[in-house]
Engineer: 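The structure follows.
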Amino acid sequence: MAVFPEGTPCWVDAALPDTEAGKRFYGELFGWTFRPGDGPWTDAYSDGLLAAAIAPKGDGRMPTIWNVYLAADDITALAARVPEAGGHLISSPRPVGRLGAVAMAADPGGAVFGLWQAGGETGGEAGGRAGFETRGVPGAYCWTEVYTWRKDRVDPFYEEVFGYTGTDLPRPAELGPGCGPAMDIRLWSPRTADPADPADPEEADEPGERTAVAGRCVLTEAFPPELPGHFLVYFCVKDCDAAAATVVRLGGRVQAPPFDIPYGRIAVLMDNQGALFAVLAET
């Protein structure tokens, strides 16, 4: 199982009112199969490899949402840095059976994310779980970005807590048709970037688009002012337009219709229970 540098997205799960309905929706959309996981979680597999999980919402007042978890080498020390940098620790680190330890936090703009430290002495062995067994291929996680109104506080928060190096995109980035003006986007690379098959091994650790693991987008007047800061989770698909059509057929909604970006074609979607996510068909 892969080992994830600290601050790298290593896991996602969906908190849903109806997990059986979630299994039907995502099973048809992504071709996932499911097995019971530890505790309330149901593990999702893509081509036999662990891809994500779904779980029932513990409190009906909580949002229906896709959560992203960032890898921790020492979750106790990492969690302690969250309030020091201006964030909020929602739940302190706690064990999750044999798998590892988890904590939940919010950045200064209110976006919620998880911290995850794998169980076992070698980050995934001896019964522990490091995170995804598959990513960056159709049916699997591929990207995440935090949307915020407060980049002045959010940028230094993530760069202090996780040691990210930020790279601002050199050109305006359009969110999509009808979604307003160009967005201010920053990419974050971890302390030790390890891109797959780098074109130049001597530049493997250089921060930038090739080594980025997550991004930050500044919300604009095109968005409702009451929209809170949040993470958006992306999954790879073979055909973006077909995936959007399938979501509608399954009772979900298209929030931003398919549009082209330099990395492929994306759409922002909502499942039939209200969880927001995005899909990317890479070119």
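All values below come from the heavy atoms of this structure, side chains included, with hydrogens, waters and symmetry mates left out.
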Engineer: Between Cys142 and Arg135, is a side chain to side chain contact (heavy atoms under 4.5 Å, CB included) present by the stated rule, with each step listed?
Structural biologist: CA-CA 6 Å; Cys142 60; Arg135 52 182 169 157; over 6 Å; no
Engineer: Please list all pairs passing the salt bridge (Lys or Arg N to Asp or Glu O under 4.0 Å) test where one or both residues lie in residues 104-117, with sequence neighbours left out.
Structural biologist: none
Engineer: Any heavy-atom pair between the side chains of Thr167 and Glu209 that's under 4.5 Å?
Structural biologist: no
Engineer: Under the side chain to side chain donor-acceptor pair (under 3.5 Å) test, which residues partner Thr64, sequence neighbours left out?
Structural biologist: Lys57
Engineer: Decide yes or no for Leu115 and Phe162: does some side-chain heavy atom of the first lie under 4.5 Å from some side-chain heavy atom of the second?
Structural biologist: yes
Engineer: Taking all heavy atoms of Ala71 and all of Pro5, pick out the closest pair and write down the distance.
Structural biologist: CB-O, 3.6 Å
Engineer: Verify, without hydrogens or angle tests, whether Thr211 (side chain) and Ser189 (backbone) share a donor-acceptor contact under 3.5 angstrom.
Structural biologist: no
Engineer: Write down the atom of Val213, the atom of Tyr141, and the distance for their closest heavy-atom approach.
Structural biologist: O-OH, 4.2 Å
Engineer: If we ignore hydrogens and angles and just use 3.5 Å, is the side chain of Gln117 paired with the main-chain N or O of Ile75 as donor and acceptor?
Structural biologist: yes
Engineer: Nearest 0.5 angstrom please: Ile185 CD1 to Asp168 CG, how far?
Structural biologist: 10.0 Å
Engineer: For the residue pair Trp11 and Phe132, establish whether any side-chain heavy-atom pair is separated by less than 4.5 Å.
Structural biologist: yes
Engineer: Please enumerate all residues that pass side chain to side chain donor-acceptor pair (under 3.5 Å) together with Asp18, with sequence neighbours excluded.
Structural biologist: none
Engineer: Can you find a pair of side-chain heavy atoms, one from Arg265 and one from Leu280, that are under 4.5 Å apart?
Structural biologist: no
Engineer: Show the atom names and distances, to 0.1 Å, of all donor-acceptor pairs under 3.5 Å that link a side chain in residues 42-50 to residues at least two apart or in another chain.
Structural biologist:
from	atom 1	to	atom 2	distance (Å)
Asp43	OD1	Arg129	NH1	3.3
Asp43	OD2	Arg129	NH2	2.9

Engineer: Between Leu16 and Ala275, what is the shortest heavy-atom contact and its length?
Structural biologist: CD2-CB, 4.2 Å
Engineer: Going by side chain to side chain donor-acceptor pair (under 3.5 Å), name the residues that satisfy it together with Glu20, two or more places apart in sequence or in a different chain.
Structural biologist: Lys23
Engineer: Tell me the salt bridge (Lys or Arg N to Asp or Glu O under 4.0 Å) pairs involving residues 224-240, sequence neighbours left out?
Structural biologist: none
Engineer: What is the distance from atom OG1 of Thr148 to atom CZ of Arg153, rounded to the nearest 0.5 Å?
Structural biologist: 9.5 Å
Engineer: Starting from Val248, can I reach Val237 by hopping between I/L/V/M/F/W/Y residues whose side chains sit under 4.5 Å apart?
Structural biologist: yes
Engineer: Taking the side chain from Thr246 and the backbone from Ala242, do they hold a donor-acceptor pair closer than 3.5 Å?
Structural biologist: yes
Engineer: With sequence neighbours excluded, what pairs up with Phe231 under the ring pair (Phe, Tyr, Trp, His ring centres under 6.0 Å) test?
Structural biologist: none
Engineer: Find out if a path of hydrophobic residues (ILVMFWY) with successive side-chain heavy-atom gaps under 4.5 Å connects Tyr234 to Leu219.
Structural biologist: yes
Engineer: Hey, any chance Phe235 and Val254 share a hydrophobic cluster, counting ILVMFWY side chains that come within less than 4.5 Å of each other, even indirectly?
Structural biologist: yes
Engineer: My understanding is that only residues two or more places apart in sequence, or in another chain, count here; which of them pass side chain to side chain donor-acceptor pair (under 3.5 Å) with Arg150?
Structural biologist: none
Engineer: Which pairs, with at least one residue in residues 67-88 and sequence neighbours excluded, count as a salt bridge (Lys or Arg N to Asp or Glu O under 4.0 Å)?
Structural biologist: Glu6-Arg81
Engineer: Between Thr144 and Leu232, is any pair of side-chain heavy atoms under 4.5 Å apart?
Structural biologist: no
Engineer: How many angstroms lie between CZ in Phe277 and CD in Gln255, if you round to the nearest 0.5 Å?
Structural biologist: 10.0 Å
Engineer: Taking the side chain as every heavy atom from C-beta outward, state whether Phe4 and Leu70 have any atom pair closer than 4.5 Å.
Structural biologist: no
Engineer: If the threshold is 4.0 Å, N to carboxylate O, is there a salt bridge linking Arg186 and Glu145?
Structural biologist: no
Engineer: Could you see if Trp116 belongs to whatever hydrophobic cluster contains Trp41? Use Ile, Leu, Val, Met, Phe, Trp, Tyr and a side-chain cutoff under 4.5 Å.
Structural biologist: yes
Engineer: Taking side-chain contact (heavy atoms from CB on, under 4.5 Å) as the test, write out the residues that go with Val218, two or more places apart.
Structural biologist: Lys151, Asp184, Arg216
Engineer: State plainly whether one hydrophobic cluster holds both Val279 and Ile65, where clusters connect Ile, Leu, Val, Met, Phe, Trp and Tyr through side-chain heavy atoms under 4.5 angstrom apart.
Structural biologist: no
Engineer: State, with a plain yes or no, whether a side-chain heavy atom of Val247 is found less than 4.5 Å away from one of Arg253.
Structural biologist: no
Engineer: With a cut-off of 3.5 Å and sequence neighbours excluded, list every side-chain donor-acceptor pair involving residues 24-39.
Structural biologist:
from	atom 1	to	atom 2	distance (Å)
Tyr26	OH	Trp66	NE1	2.9
Tyr26	OH	Asp271	OD2	2.7
Glu28	OE2	Arg249	NH1	2.7
Glu28	OE2	Arg249	NH2	2.7
Trp32	NE1	Gly139	O	2.7

Engineer: Once ring pair (Phe, Tyr, Trp, His ring centres under 6.0 Å) is applied, do any residues pair with Trp188, and if so which ones, sequence neighbours excluded?
Structural biologist: Tyr158, Tyr164
